[in-house]
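Some notes on the structure that comes next.
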2 protein chains.
Amino acid sequence: MDKLTDFFKVLSDETRLRILILLYHKKLCVCEMCGITGESQPKISKHLAKLRDMGFVKDERQEQFIFYDLNLKEEVYKAILEKIVDNINDYPELKSDIEKCKHAEKYLEACRR
Amino acid sequence: MDKLTDFFKVLSDETRLRILILLYHKKLCVCEMCGITGESQPKISKHLAKLRDMGFVKDERQEQFIFYDLNLKEEVYKAILEKIVDNINDYPELKSDIEKCKHAEKYLEACRR
DNA sequence: TACTTATATACTCATATAAGTATATACGTA
DNA sequence: TACGTATATACTTATATGAGTATATAAGTA
């Protein structure tokens with residue numbers, strides 16, 4: 001049950017919820033997530049580190065960038081994220097994030113500045 | 001989205017998760033929940049107060065006892081609890097709570113001591 | 001090798017949270 | 001009215017958490 005409450009603790013932070021909903025849709029690198037969410041790089045990185053340490057996401061380097069992806073082994077976790085996505089119209093900020101992540105590469109370029 | 005993260009914060013505490021899963025099955029009074037979970041009365045009461053203040057449960061006096069019941073207006077919340085219950089075999093402590101709550105009256109009597 | 005860029009981490013501070021113990025409240029009953 | 005029982009709340013303490021700023025690291029490139 002600890003893992004389950006840990007998962008809920010993860011979701012109880014707005015930034016982490018946004019990250020997980022984004023990764024539910026697409027593998028993304030740190031600076032894309034910063035661009036999409038408008039949050040600072042250390043903030044995103046720290047939350048990703050926590051998610052990684054807890055085993056909910058995995059990372060992979062591709063050239064200069066480190067891409068993150070969901071790593072949810074148990075169905076319950078996926079099912080819970082799915083429920084949120086099913087009701088995405090109730091959560092405009094999440095919906096907007098998802099829209100933006102369709103053009104994530106845009107934020108990759110913006111990163112080089 | 002605040003309400004959603006609040007709900008996850010609620011679920012991130014083991015005691016509150018146990019309470020909600022119990023109430024998902026049956027309306028219960030405070031001392032029954034204490035008996036079932038083995039937790040102290042102030043601990044249960046404080047968590048119930050928080051759940052009540054957040055609007056996730058409602059209370060109702062019946063003679064000497066105050067009974068609590070779920071008060072989840074939005075489907076997502078119910079659906080999330082349902083997902084947990086669907087996978088109850090993964091969570092022995094929750095499963096055991098549910099078993100015990102089938103004979104909740106037993107704990108009502110034990111309360112008079 | 002020096003430099004740039006992408007990401008991670010350390011440090012600090014403010015705030016939130018949970019638990020335990022003691023006590024208050026509120027209703028029911030003798 | 002006095003008492004008992006069920007529940008709520010206050011107070012304290014320990015711990016966890018998140019944000020911001022500054023800095024470190026690690027890989028790529030000139």
Heavy-atom check, side chain of [X] versus side chain of [Y], under 4.5 Å:
X       : Y       : value
B:Leu94 : B:Arg18 : yes
A:Val76 : B:Asp86 : no
B:Tyr68 : B:Leu51 : no

Answer yes or no: side-chain N or O of [X] and base N or O of [N] forming a donor-acceptor pair under 3.5 Å.
X       : N      : answer
A:Gln41 : C:dA8  : yes
B:Lys46 : C:dA19 : yes
A:Lys50 : D:dG18 : no

In whole angstrom, what separates [X]'s [atom1] from [N]'s [atom2]?
X       : N      : atom1 : atom2 : value
A:Ile66 : C:dA6  : CD1   : P     : 12 Å
A:Arg61 : C:dA8  : CZ    : C1'   : 11 Å
B:Gln64 : C:dT25 : CD    : C1'   : 16 Å
B:Ile44 : D:dT7  : CD1   : C1'   : 12 Å
B:Asp53 : D:dA8  : CG    : P     : 11 Å
B:Asp59 : C:dC27 : CG    : P     : 12 Å
B:Met54 : C:dA16 : CE    : P     : 13 Å
B:Leu51 : C:dT17 : CG    : P     : 13 Å

Given DNA chain D, 5'-ward residue of the pair A:Glu63 and A:Glu39, judged by closest heavy atom =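 Upstream on the strand: A:Glu39.
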
ask   = Angle class for the A:Phe8/B:Phe8 ring planes (parallel below 30°, perpendicular above 60°, tilted otherwise)?
value =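 Ring orientation of A:Phe8 relative to B:Phe8: parallel.
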
ask   = Taking the inter-plane angle between the rings of A:Phe7 and A:Tyr77 on a 0 to 90° scale, is it parallel (under 30°), tilted (30 to 60°) or perpendicular (over 60°)?
value =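 A:Phe7 and A:Tyr77: tilted rings.
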
query = D:dT7, C:dT9, D:dG20: which one has an atom nearest the side-chain heavy atoms of A:Lys43?
reply =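 Nucleotide nearest to A:Lys43's side chain: D:dG20.
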
ask   = Which of residues 5-17 of chain A have a heavy atom under 4.0 Å from DNA chain D?
value =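 Heavy-atom cutoff 4.0 Å gives A:Lys9, A:Asp13, A:Thr15, A:Arg16.
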
message = Judged by each residue's nearest nucleotide on DNA chain C, which is more toward the 5′ side, B:Pro42 or B:His47?
response =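 Between the two, 5'-proximity favours B:His47.
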
inquiry  = Assess whether a salt bridge exists between A:Glu14 and A:Lys43, defined as any Lys/Arg side-chain N lying under 4.0 Å from an Asp/Glu carboxylate O.
reply    =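 Answer for the salt bridge query: no.
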
query = Hey, is A:Glu74 close enough to B:Lys83 for a salt bridge, meaning N to O under 4.0 Å?
reply =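 A salt bridge is absent here (no side-chain N lies under 4.0 Å from a carboxylate O).
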
note = Intra- and inter-strand pairing of DNA chain D, written as dot-bracket with Watson-Crick and G-U pairs under 3.5 Å and | for the latter, reads ||||||||||||||||||||||||||||||

task = Give a yes or no on this: more than 12 heavy atoms of other residues, nucleotides or ligands lie within 6.0 Å of atom CD of B:Gln62.
result =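 Above 12, so yes.
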
task = Please determine which of A:Val10, A:Leu72, A:Leu23 meets the side chain to side chain contact (heavy atoms under 4.5 Å, CB included) test together with A:Val57.
result =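 So the option named by the test is A:Leu23.
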
message = Need one value for B:Tyr68: base, sugar-phosphate or nothing, where a base atom within 4.0 Å counts as base even if backbone is also close, heavy atoms only.
response =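 Since only primed, P, OP1 and OP2 atoms lie under 4.0 Å of B:Tyr68, the category is sugar-phosphate.
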
